[in-house]
Amino acid sequence: MGEGGWDDPGLPAQVGIASGGGVVYQAGRDLHVQPAAAPTVVWPVRVGVPPPVVEHYQDRVAPGQVVGEAACVVASGLGGVGKSQLVARHVLPMWRDPAVAVAVWVSARSRVAVVAAFAEAARRVLCERDPHIGNRAADDAAGLFREWLAATDRRWLVVLDDVQDPADLRDLWPPQGRVVVTTRLRDLAPPSRGHQIDLDVFSPDEAVSYLTGALGVAGREALDSVRGLADDLGRLPLALGQAAAFIRDDPLLTVAEYRDRFADRRRKLTDLAPTEDRLPEHQLAVAATWSLSIARADRAGPRGVARTLLELAALLDPAGTPLEVFVSSTVLTRLSRRGRPRPKWPVFPYVREGVDRGTVLTALSRLHRLNLITLRRAGSEGTVAVHALVQRAVRDTLTSRRLHTLAHFAADAIMDARPNTITIDPELTQSLRSAARAVEARTTPALWSPRAHPVLFYIGTSLGEEQQSAAAYAYFRELHRQATTRLGPDHVQTLIARNNSAFSCAEVEDPVTAVGEFEALLSDYVRVLGPVHPHTLVVRNNLASCRGSAGDHKGAVEELAVLLVDYLRVRGPDDDSTLRIRNNLAAHRRDMGDVRGAMEAFEMLLGDRLRVCGPDHPSTLTVRSNLADLRGKLGDPVAAAQEFQVLLADHERVLGPTHPDVLAIRWSLARLRGEAGDPAAAAAELTELLSDHVRLLGPDHRRTVDVRNDLAHWQRESEGARRP
């Protein structure tokens, strides 16, 4: 049986909607229009919703900075530093205040989103004035809302959250009133008066306060773990919040265990954050926070340059790497197609031909503008710093093959960025060394394949050149251990690491210990490479020098005399190594007591150094220093002091005022002043020299201790000379 329908003849049949918003209905055969009720504005108007403020929120600016009298406030900073949270916290009182007629919160990542929000606000604010506002195109409605903001005397607030591109706001900037903008862009300039808040990561105290509150930890040991976790995560608020949520979700997981997982390079950031369903509605996972910015930076040409530079920076020191690394010939060549003749370097994706210094600087500036890096420029110099979590997120995207390629790329760039001068730049050297250590730590074992990269040896030798002998000794001992494991005990690079370790040992420990190490090492060198291999000759020289340092000057002279014959035969009389052996031989003859024989040898060597190297070569200056020292030993300290005064000026001009050789000249000059009868002048110069040694080498360095002892001696002599 079918079902029928009931028909109520008392109700007219609705047949449509009139253009003016009324209802069209049929009564019998006639059509009638029932006008729509006049629209009314429901005040206050709220469009959009601010994100909820997290628990244990850390307030970092005064309220007046965000919602003060300024027409526009721009909060800028790295993705994840808490810009939206900051603004939400400070605009919440206005959002709840019924006296604020209109408040709009726009997720402003695109122009479409801004237009849609403004159009919605127009429909709700202008419906009484323009009943047809709902039928207008979104662009037209958004423009009308902007005009209303310019003309109204009502209080209003507009928040443009996470602006990605200033072009998205073209012709949409609210003309006056309170506008608050959050953006990752550093240079977003509103067309009206206002100010900018540059928001950084939490301070150490803020980070600890947040974590202790979020995790509910207490006790000294727990606080130490919390501080360590804050440092691990670079004190980035978003990362701290997600780490705290991850730890809270697992009642058996401790802060220390989370840190162990974070330190595990095999884990990605996505493995250490809550699942998406557990994230707050307004948050993205840490790893996804910067993806849009990276893609935006890379879209501008040449395509691939910005991304490759960011990948390179992701392996370096997060605190800052010299700009020279990024504009080195290595980087410029390998980012250009014409620089890819070497098959061992895979093609970098999308990179076009003709990348020059200007191209790289433009790409770095783009990354800086998007807050993905911090580019600090000072003329032609500068540094590039990247937050550690941005680095981690970028590295998480790399395949093992790509990571291996980038590791060698970065190491080559570091070696290429070393200064070509003979002067020592401690600040640059330390920065390059930190960059090299970072690459090594983040890519091991890439730099050991197919053999040890030279940058691994540069780390230790740079420490030695800066007179950080103990650090160099510890480093080369570990390098030798790794080389033995990875390359084998008889590999030439393993032997070189042993040589460098023994050489540093002579500077740090008893030279007798170093003699034993060099004797064993020489036996292996002769067995593996032969007695006259260049590396073997270096070990023989080091062994002889260690004998002299241990007090056996006669044995050192005998070994160096035999070694000189081999150098003359193998390398020739004008080779730099041959000339070095002659210098060492003359020095040990002096220490043995043959002062006049040493004087003759140094005078002959000086002539050859001048002929082969020129007057300003460091080795020429060394020979001149040795001759001046001998003149003092021969009983003429006044003439020697005069020579050292000239030498000091030449050393400072050629090597720079902080070079170890310059410090040695100043030390010799101070001693000669005292020996010439002016102990007060010696004490005064040694006082200044001691301060420089402490600053450059440290208070416990062997040379610092020796200068301190010399100062005490000449101070006593000076006091004795003043007594009647």
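Quick caveat: nothing in here was measured; it's all calculated off a predicted structure.
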#### Entry: Verdict with supporting geometry, H90 and V61, side-chain contact (heavy atoms from CB on, under 4.5 Å)
CA-CA 9 Å; H90 285 271; V61 300; 3.9 Å; yes

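- At least one test fails for R334 against the ring of F409: distance under 6.0 Å to the centre or angle within 45° of the axis.
- In this structure a side-chain-to-backbone donor-acceptor pair under 3.5 Å is present from Q391 to L316.
- Nearest heavy-atom pair, D168 versus S110, reported as atom, atom and distance to 0.1 Å: OD2-CA, 3.6 Å.
- Legend: residues meeting salt bridge (Lys or Arg N to Asp or Glu O under 4.0 Å) with R433, ordered by chain and number and at least two apart, are E466.
- Scored by the side-chain hydrogen bond (donor to acceptor under 3.5 Å, both in side chains) test, D264 finds R266 as partners (sequence neighbours excluded).
- Heavy atoms only, all atoms of each residue included: P318 and A385 are closest at O-CB, 3.4 Å.
- Remark: the backbone N or O of P52 is paired with a side-chain donor or acceptor of Q85 at under 3.5 angstrom.
- Checking each of R186, R184, H387 against N371 for a side chain to side chain donor-acceptor pair (under 3.5 Å) leaves exactly one that passes, namely R186.
- Taking the six-membered ring where tryptophan is involved, the planes of Y210 and H56 are perpendicular, since the angle between them exceeds 60° and thus also 30°.
- No side-chain donor-acceptor contact under 3.5 Å links D317 to the backbone of S434.
- Taken from OG1 in T183 to CG in D162, the straight-line distance is 7.0 Å, to the nearest 0.5 Å.
- Residues R392 and R395 form a side-chain contact, since some pair of their non-hydrogen atoms from C-beta on lies under 4.5 Å apart.
- Listed for the D396 side chain is a donor-acceptor partner under 3.5 Å among the backbone atoms of L269.
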### Message
Please evaluate residues V384 and L367 with respect to the criterion side-chain contact (heavy atoms from CB on, under 4.5 Å), reporting the C-alpha separation (whole Å), side-chain torsions for both, the decisive distance (0.1 Å), and the verdict.
### Response
CA-CA 10 Å; V384 174; L367 292 168; over 6 Å; no

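- Atoms OH and OG1, from Y458 and T429 in turn, are 4.5 Å apart once rounded to the nearest 0.5 Å.
- Of all heavy-atom pairs spanning L428 and P419, the tightest one is CD2-CD, 3.7 Å.
- Remark: the backbone N or O of R170 is paired with a side-chain donor or acceptor of R111 at under 3.5 angstrom.
- Residues passing the side-chain hydrogen bond (donor to acceptor under 3.5 Å, both in side chains) test with S449: none are found, sequence neighbours excluded.
- Closest of all the heavy-atom pairs between V74 and L188 is CG2-O, 4.1 Å.
- More than 12 heavy atoms of other residues, nucleotides or ligands sit less than 6.0 Å from atom CZ of R248.
- More than 12 heavy-atom neighbours from other residues, nucleotides or ligands sit within 6.0 angstrom of CZ on R442.
- The main-chain N or O of W95 is found under 3.5 Å from a side-chain atom of R46 such that the two form a donor-acceptor pair.
- A donor-acceptor pair is defined here as one N or O able to donate and one able to accept, closer than 3.5 Å; such a pair exists between the side chain of H368 and the backbone of L375.
- The backbone N or O of L432 lies less than 3.5 Å from no partner atom in the side chain of R418, so there is not a single donor-acceptor pair.
- When all heavy atoms of A410 and V439 are compared, the closest pair comes out as CB-CG2, 3.9 Å.
- Using a distance-only test at 3.5 Å, with no hydrogens or angles considered, no donor-acceptor pair links the side chain of S209 to the main chain of D205.
- In this structure, S336 contributes its side chain and L332 its backbone to a donor-acceptor pair below 3.5 Å.
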